[in-house]
A.B. asks: 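A single structure is presented below for examination.
Both counts, for ligands and for their atoms, begin at 1 and track the order of listing. What you are looking at is a predicted structure, and each value in this text was computed from that prediction instead of being measured.
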Amino acid sequence: MKIIQQIDALKSYALSCKKQGKTIGLVPTMGYLHAGHQSLIRKSAAENDITIVSIFVNPTQFGVGEDFESYPRDLAHDTAAAEAAGASVIFHPTAEEMYPKGYHTYVSVQEITSVLCGKSRPTHFQGVTTVVSKLFHISHADRAYFGQKDAQQLAVIMRMATDLNMDTIIVPCPIVREPDGLAMSSRNTYLSAEERKQALVLSQGLYAAEKLFADGERSTAFLKETVRQKILTAPLARIDYVELLTYPELTPCETVKSQCLLAVAVKFGTTRLIDNILLEVPEK
Ligand code: PAF
């Protein structure tokens, strides 16, 4: 497996793969890879000749006072984890390589970035869409793989790819959970033992609402309240939001009539966790 740090080197490599008729899958990550990332890499490796895994803690998607500096980093671990899952190349640029002196261009998706996480992280998605556009251009990817855990990010990237007529196909991938239900995240590592235990209320609340939905409940307010009440049983939890919106449009709805996203963001100390489920109305 190659490790490439320079943009020009990755572009030349990708173009030479293309000339040989090979397909390229891209798995954009910020590193500290876990089984969730590995599931994306495995899917890409199964569907493409070449899989590029980018490992870049992207400064433009962190707000002031967020965890950019302390975000966990471990390239040796990531190299082994990516290779074990079938990656062909790791792209690991520096911040200066991605955003050199004089850099002034940003990609910004409107409307759907101002709800959910966009409310408390107003500059976050512009950083994500900017870096992901750059990665699409640099890697010449045919397909790019994103986890449903970051459901809003996925909706924003799909919107961007459609609106800007990008050739890269966006492939959504299911959430990977710990055996007890906690959605996998590089940030889980910040949790104390007690926070880790109480963090189970996120998935438990979502599952309780999912069960009610399966039994026929369609009221947005009732489903949201079910999740909220479960989260409130954890004394260390501070709710940022419990929200139910149509998906992927992310518009409000009083009752669930089409595919909807039930999503939560909850803080434990300084650690902000997100989780969600998709509610699909069965066809008649
Ligand atoms: O989901 C992430 O890890 C990041 O937001 C991404 C897509 C790699 C962009 O930096």
Side-chain angles (χ1 to χ4, degrees), residues 4 7 10 25-41 43-44 51-63 66-75 77-78 81-82 85 87 89-95 97-99 103 105-109 112-113 116-118 120-139 141 143-161 164 166 168-176 183-190 248 263 265 271-276:
I4 296 179
I7 291 173
L10 186 65
L26 170 70
V27 182
T29 82
M30 296 205 300
Y32 217 66
L33 303 185
H34 50 66
H37 295 115
Q38 285 187 303
S39 73
L40 308 183
I41 299 170
K43 188 162 169 60
S44 172
T51 290
I52 299 171
V53 177
S54 63
I55 295 179
F56 178 59
V57 184
N58 172 36
T60 63
Q61 70 187 75
F62 289 81
E66 290 187 354
D67 56 343
F68 172 66
E69 259 89 37
S70 59
Y71 196 85
R73 294 159 167 90
D74 186 345
L75 187 62
H77 158 84
D78 289 346
V89 178
I90 283 182
F91 178 52
H92 180 54
T94 61
E97 179 75 2
M98 292 296 273
Y99 302 109
Y103 188 93
T105 304
Y106 294 89
V107 177
S108 168
V109 174
I112 61 171
T113 52
L116 301 175
C117 292
S120 49
R121 307 185 73 193
T123 56
H124 171 67
F125 288 110
Q126 176 173 290
V128 170
T129 42
T130 299
V131 80
V132 168
S133 314
K134 283 172 71 74
L135 291 168
F136 284 4
H137 288 303
I138 296 166
S139 67
R143 298 183 190 83
Y145 295 78
F146 295 91
Q148 187 68 44
K149 154 118 185 319
D150 296 298
Q152 185 177 15
Q153 167 172 285
L154 176 58
V156 168
I157 290 169
M158 290 192 299
R159 192 69 260 160
M160 171 187 79
L164 297 183
M166 291 175 167
T168 306
I169 296 165
I170 312 300
V171 185
C173 303
I175 297 178
V176 177
M184 288 200 181
S185 163
S186 305
R187 289 190 170 99
N188 290 349
T189 179
Y190 298 149
T271 309
R272 189 171 176 281
L273 300 180
I274 57 172
D275 198 354
N276 70 80

A.B. asks: Heavy atoms, side chains only, cut-off 4.5 Å: are Ser185 and Lys149 in contact?
C.D. replies: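 Answer yes - side chains close enough.
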A.B. asks: Any idea which heavy atoms bring Thr29 and His37 closest together, and the distance?
C.D. replies: CG2-CD2, 3.8 Å
A.B. asks: Please could you name the atoms of ligand 1 that Pro28 approaches to less than 4.0 Å, counting only its heavy atoms?
C.D. replies: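 Those of ligand 1 that fall under 4.0 Å from Pro28 are 8 (C).
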A.B. asks: When you measure from atom 5 (O) of ligand 1 to every protein heavy atom, which one gives the shortest distance, and what is it?
C.D. replies: Gln153 OE1, 2.7 Å
A.B. asks: Identify, for atom 4 (C) of ligand 1, the protein heavy atom at the shortest distance, and state residue, atom and that distance.
C.D. replies: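 The closest heavy atom on the protein side is Gln61 NE2, 3.6 Å.
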A.B. asks: Establish, from distance only, whether the side-chain atoms of Tyr71 and Asn58 form a donor-acceptor pair under 3.5 Å.
C.D. replies: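 No.
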A.B. asks: List every atom of ligand 1 that sits less than 4.0 Å from any heavy atom of Val131, numbering the atoms from 1 in the order shown and giving each element.
C.D. replies: 9 (C), 10 (O)
A.B. asks: For Glu97, check side chain to side chain donor-acceptor pair (under 3.5 Å) against everything at least two apart and list the hits.
C.D. replies: none
A.B. asks: Could you tell me which residues satisfy ring pair (Phe, Tyr, Trp, His ring centres under 6.0 Å) with Phe56, sequence neighbours excluded, listed by chain and number?
C.D. replies: none
A.B. asks: Does Thr29 reach ligand 1 with a nitrogen or oxygen that is under 3.5 Å from one of the ligand's nitrogen or oxygen atoms?
C.D. replies: no
